[in-house]
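Letters A, B, ... mirror the listed sequences (proteins, then strands); counts begin at 1. Scope of the values below: all heavy atoms of this structure, side chains included, with no hydrogens, waters or symmetry mates.
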Protein chains: 2
Amino acid sequence: MLNDPMVLTPIAAAAVPVEPEKRIRDRGATEKAILNAAKSLLAEEGFQNFGINAVARRAGCDKQLIYRYYGGLNGLVEAIGADLGTWVKDRIPEDTGGMFLLTYGDLMERLSLLFLEALRDDPLVLRIVAWEVSENTEQVRRLSEARSKALANWLERMRGSLTPPKGVDAVAVNAILFAAIQHIVLSASAAEQCAGLALKTSKDWEKAATALKRIVRGVYG
Amino acid sequence: MLNDPMVLTPIAAAAVPVEPEKRIRDRGATEKAILNAAKSLLAEEGFQNFGINAVARRAGCDKQLIYRYYGGLNGLVEAIGADLGTWVKDRIPEDTGGMFLLTYGDLMERLSLLFLEALRDDPLVLRIVAWEVSENTEQVRRLSEARSKALANWLERMRGSLTPPKGVDAVAVNAILFAAIQHIVLSASAAEQCAGLALKTSKDWEKAATALKRIVRGVYG
DNA sequence: GTTGCTACTCACCGGGGAGTGACAAAACGG
DNA sequence: CCGTTTTGTCACTCCCCGGTGAGTAGCAAC
């Protein structure tokens, strides 16, 4: 009643006979295309418009394939999360550039700034952070866990034999420090400012970095 | 074809003749009901499921009234934002309890903790903060502005004649401090932890507060 | 060939969202 | 009393979502 394919299809097919743009049959490539589509979609649009349909559209394939290859959105998100385990390591130089890190304060100052930089130019992870504080589903919880575990691990490995000053709860302080960094970058990406502090130009960011250093030095000396 | 009201309606009407539960006609009350519904919905469910239909459902009225009285969701959000201007003032004691705040450090320590507390038990504002870092629409931007303006104002008023230590960019440092607080509370509400720091029991929170104090004292002395 | 597997597409379903126009009924003004 | 305005309700359209079942196109072995 509404649509009669037997009438419509031949006409359409005749009107647009070419423009095949045939997707070559390659499961591996398609899977990658889907994963990349998902990542870039998440990075560019955020979790708000993140859905099966949108990913399929961007990947240029049918959503059915997402169900088949990843078992739906959940599986796809999990696949994204898998990369997260190595994010910090990949993003941040393992050796801190031959610097002499004599004290725990030296270390944390350096790591804070590195983390800030890394977050600043990884929109995907940034969106995930935003997601983590906005939703509390199994999906997101897994992402969150993967990320925080990797982070803790990384911190531990970088620490080496350095120890924080006596009487300072380093876990708590570091959590606050990293929370601050995440929120600053989040705010900046959403509104180009945070609590009255402009975060647009590189000059703005220098100010933020200086303040951050000061804070770190304040606690850790 | 699908539904024939002429057949169905009389039957239904006859079957359920009573149960009037008549909404009394009172525009003011209805407006308030809508606004409260919107606020509580936002506070409890977050911005994700925040929409005309949901608000109307919760308010127990027709969504048409939201369009009529508030001009749609935008207007409604703006009405919510209007309260935000006075949030800090309402939530936090004007006089800091007869305390002796001798230094800028004293002040900021106190304000930080107060802010933390205030955020912790105001789910609505917390959700708005999450919204601010997740979306960048005109709607949210207005909320954000109202809030940050009020915050800056409040800080300024509380500061009085106290001045930060020389050489410290108080604006930047405070932005980072408040960012940290916001993110900690956000994280806690979403995952009961932040960067490996548990944030569930009051003991956990004491640890966080102690660390925060240390940080503040570190920069401001 | 034709049989069978794999990669892929299509058309459709139910559901819920935003938004709108027409209507019912109470309240008000004369 | 009657007409108008205000207040509230209903029914409907359009759109997009997630999900699924049925079908198509390439490809390889027999």
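When the C1' atom of C/dG19 is taken as reference, atom CG of B/N74 falls 13 Å away, rounded to whole Å. When rounded to the nearest whole Å, the span between CD of B/Q64 and P of C/dG21 equals 9 Å. Atom CG of B/L65 is separated from atom P of C/dT20 by 15 Å (rounded to the nearest Å). Distance, A/Q48 CD to C/dG17 C1': 15 Å, rounded to whole Å. B/Q139 places its CD atom 13 Å from the C1' atom of C/dA18, with the value rounded to the nearest Å.
Residues B/L126 and B/Q182 are not in side-chain contact: their nearest non-hydrogen atoms beyond the backbone lie 4.5 Å or more apart.
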### Task
Quick one: do A/E44 and A/R58 satisfy salt bridge (charged side-chain N to carboxylate O under 4.0 Å, His left out)? Show the steps, please.
CA-CA 12 Å; A/E44 288 164 29; A/R58 178 171 286 228; 3.1 Å; yes

### Task
Go through B/R127 and B/E45 one step at a time and tell me if the salt bridge (charged side-chain N to carboxylate O under 4.0 Å, His left out) criterion holds.
CA-CA 9 Å; B/R127 297 292 196 168; B/E45 311 274 334; over 6 Å; no

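Scanning both residues, A/N49 and A/L41, for their nearest heavy atoms gives O-CD2, 4.1 Å.
Comparing the end axes of the helix from C/dG1-D/dC30 to C/dG30-D/dC1, each fitted to five base pairs by superposing C1' atoms of four pairs onto the next four, gives an inter-axis angle of 30° (nearest 10 degrees).
Residues satisfying the side chain to side chain donor-acceptor pair (under 3.5 Å) test with A/N136, not counting sequence neighbours, are A/R141.
Under the 30°/60° scheme for interplanar angles, the aromatic rings of B/F178 and B/F115 are found to be tilted.
Once rounded to the nearest 0.5 Å, the distance linking CG of B/L212 with CD1 of B/I184 reads 8.5 Å.
Cation-pi geometry between A/R120 and A/W205 is met: the NZ or CZ atom falls under 6.0 Å from the ring centre, inside 45° of the normal.
Each of A/E31 and B/R68 has a nearest nucleotide on DNA chain C; the 5'-most of these lies closest to A/E31.
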## Note on the structure
Scoring nucleotides 13-18 of chain D by protein non-hydrogen atoms under 4.0 Å (B base, S sugar-phosphate only, - none) yields ----SB

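Side-chain atoms of B/R25 lie closest to C/dA25 of the nucleotides C/dG21, C/dA25, C/dC8.
The phosphate of C/dC8 (OP1 or OP2) has a side-chain N or O of A/T30 nearer than 4.0 angstrom.
Under a 3.5 Å cut-off, the side chain of A/D122 and the backbone N or O of A/L119 do not form any donor-acceptor pair.
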